[in-house]
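Okay, structure first, notes after.
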Amino acid sequence: MLGDDADLLEAAAWLHDIGYSPDLVKTGFHPLDGARYLRDVHGADPRLCCLVGQHSCAILEAEERGLADELAREFPPGDPTLIDALAYCDMTTTPTGHLVSVYDRLAEIAQRYGQGNVVTRFISKAGPQLISSVHRTEHRLCLAQ
Ligand SMILES: [Fe+2]
């Protein structure tokens, strides 16, 4: 479905949460920490860094954390098809790597972080966009078959 960008998506899918690694936490906001690490330590492809930085509506959580300007300036969103596809990968996979519906995934995240947590606030705001990303990707997958 993605042609020459398939490898880029696969790399982003593997690396998108690298910012959770305790060794590279700087701001505590994992999309930004991960993207900066890939850019500054590994000189990674800028498109990969932007996908990691913007993964799964990260800009909405960045707004909650007062980091939206930094994120948008350093890692602007790229190709919407790739952004959708990465959200699809993230939102249809459990933390242990099992296939899950986007609805169950969103519910699991909210339950894991609990009421009042910044991630729970973010996920309730981002939910409709993430669901749309998954549906658009499923549609593209159908068309590509
Ligand atoms: Fe993430």
Side-chain angles (χ1 to χ4, degrees), residues 1-2 4-141:
M1 178 185 105
L2 295 172
D4 291 343
D5 286 337
D7 287 347
L8 174 62
L9 176 66
E10 186 174 348
W14 279 108
L15 293 167
H16 73 280
D17 276 345
I18 196 168
Y20 279 125
S21 175
D23 291 346
L24 58 90
V25 170
K26 295 282 193 287
T27 67
F29 177 48
H30 77 279
L32 185 58
D33 289 344
R36 283 176 172 166
Y37 169 77
L38 292 169
R39 178 192 63 195
D40 298 342
V41 176
H42 292 281
D45 180 336
R47 293 176 73 208
L48 174 61
C49 299
C50 289
L51 280 169
V52 168
Q54 292 286 343
H55 80 265
S56 301
C57 296
I59 194 70
L60 296 179
E61 187 174 338
E63 287 169 4
E64 290 272 343
R65 296 173 180 271
L67 294 167
D69 289 344
E70 278 178 70
L71 181 65
R73 187 176 55 249
E74 292 181 45
F75 303 103
D79 179 345
T81 300
L82 281 169
I83 292 277
D84 281 348
L86 183 55
Y88 170 87
C89 295
D90 192 11
M91 291 296 126
T92 61
T93 310
T94 68
T96 53
H98 295 95
L99 194 61
V100 68
S101 78
V102 61
Y103 304 101
D104 288 347
R105 176 82 164 114
L106 292 169
E108 182 276 322
I109 293 168
Q111 186 186 13
R112 181 158 33 107
Y113 286 93
Q115 235 176 359
N117 185 282
V118 63
V119 175
T120 304
R121 281 199 307 278
F122 149 71
I123 211 70
S124 82
K125 226 190 267 182
Q129 289 181 51
L130 293 168
I131 290 166
S132 294
S133 286
V134 168
H135 288 166
R136 282 191 297 268
T137 301
E138 288 170 341
H139 182 68
R140 289 178 186 121
L141 283 167

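Since the model is a prediction, treat every value here as computed from it, not as a measurement. We count ligands from 1, going down the list as the structure has it; atoms in each ligand are counted the same way. Numbering starts at 1 and runs along the sequence shown.
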Original post:
When you measure from the Fe ion (ligand 1) to each N, O or S atom of H30, which atom gives the shortest distance?
Top reply: NE2
Original post:
In degrees, rounded to 10 degrees, what angle do D17 atom OD1 and H55 atom NE2 make at the Fe ion (ligand 1)?
Top reply: 100°
Subject >> Contact flag H16/the Fe ion (ligand 1), N/O/S atoms, threshold under 2.8 Å >> reply: no
**OP:** Kindly say whether D84 contributes a backbone atom to a donor-acceptor pair with the side chain of T137 at under 3.5 angstrom?
**Re:** yes
**OP:** Look only at the side chain of D33 and the backbone of K26, and say whether a donor-acceptor pair between them is shorter than 3.5 Å.
**Re:** yes
Original post:
Stepwise, does the side chain to side chain contact (heavy atoms under 4.5 Å, CB included) test hold for I109 with M91?
Top reply: CA-CA 10 Å; I109 293 168; M91 291 296 126; 4.1 Å; yes
Original post:
So, R121 side chain and G116 main chain: donor-acceptor pair closer than 3.5 Å or not?
Top reply: yes
